[in-house]
Amino acid sequence: DTGVSQDPRHKITKRGQNVTFRCDPISEHNRLYWYRQTLGQGPEFLTYFQNEAQLEKSRLLSDRFSAERPKGSFSTLEIQRTEQGDSAMYLCASSLVLAGSGELFFGEGSRLTVL
Amino acid sequence: QKEVEQDPGPLSVPEGAIVSLNCTYSNSAFQYFMWYRQYSRKGPELLMYTYSSGNKEDGRFTAQVDKSSKYISLFIRDSQPSDSATYLCALGGNHSWGKLQFGAGTQVVVTP
């Protein structure tokens, strides 16, 4: 399968713990995005990378959140000192943006439950 | 007021009927429009992507965009029980391609 891959699919943690999610984009896609989705809502943009450069971050991405994309391939999203309000589905998407456009393909998501 | 409004449903239709979904938006900076289908506890799956006003057809799916009215629609012909899912509209501007503004999604139930 050559789609966007996310790991783990589900993470249960206690409040205050750190968690990390990994995303492997579609091969050769130059852009990678992180979104967050809560129950009954559409996904909300968090951040995106052009190759290894993080180009934009939403105000939703507090200082407890950090995302990296070393070498422009896979990406990680770390949440430090988790809070119950962080419980959500974290979605990764990738696209091949040429001449300013390209379709976005999402992974299956990583569901976070903070107890 | 949200930037993108979408009726949450649920929208229940009999098998074979036409499903009509729509979103309205307020920001004229949105220039491209996507429709995603999302099954429960799964990631969104891209159905349609369009950049301009007018119609775009792909199999049983037709997307319509009316930029002057800030109104977009998705029609599903000959609906099947497997079409039962949540349908999300997603809008983006030319700046920061891929930074999408999603609607809340409409739940569709197609009954046999």
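Every chain is numbered from 1, with letters handed out A, B, ... down the list of sequences.
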Can you confirm whether [X] is buried at [atom1], in the sense that more than 12 heavy atoms of other residues, nucleotides or ligands lie under 6.0 Å from that atom?
| X | atom1 | value |
| --- | --- | --- |
| A/Glu52 | CD | yes |
| B/Ile18 | CD1 | no |
| A/Lys11 | NZ | no |
| A/Leu39 | CG | no |
| B/Arg60 | CZ | yes |
| A/Lys57 | NZ | no |
| A/Arg15 | CZ | no |

What's the separation between atom [atom1] in [X] and atom [atom2] in [Y], rounded to the nearest 0.5 Å?
| X | Y | atom1 | atom2 | result |
| --- | --- | --- | --- | --- |
| A/Phe45 | B/Gln101 | CZ | CD | 11.0 Å |
| B/Glu45 | A/Phe106 | CD | CZ | 12.5 Å |
| A/His10 | B/Arg41 | NE2 | CZ | 7.0 Å |

Best-contacting candidate, A/Ser95, A/Gly42, A/Pro43, against chain B by heavy atom pairs under 4.5 angstrom: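 Greatest number of close heavy-atom pairs with chain B: A/Pro43.
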Kindly determine whether A/Leu104 and B/Tyr36 satisfy side chain to side chain contact (heavy atoms under 4.5 Å, CB included), including the steps that lead there. CA-CA 10 Å; A/Leu104 246 72; B/Tyr36 285 86; 3.2 Å; yes
Where does B/Leu46 contact chain A at under 4.5 Å (heavy atoms): side chain, backbone, both or neither?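 Side chain only.
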Less than 4.5 Å to any heavy atom of chain A: does that hold for the side chain of B/Pro8, its backbone, both, or neither?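 For B/Pro8, no heavy atom lies under 4.5 Å from chain A.
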Taking A/Glu108 for its side chain and B/Gly43 for its backbone only, find out whether a donor-acceptor pair lies under 3.5 Å.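 Side chain of A/Glu108 to backbone of B/Gly43: a pair is present.
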Using a distance-only test with no angle check, is there a side-chain donor-acceptor pair under 3.5 angstrom linking B/Gln38 and A/Gln37?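 There is such a pair (donor and acceptor under 3.5 Å, judged by atom type) between the side chains of B/Gln38 and A/Gln37.
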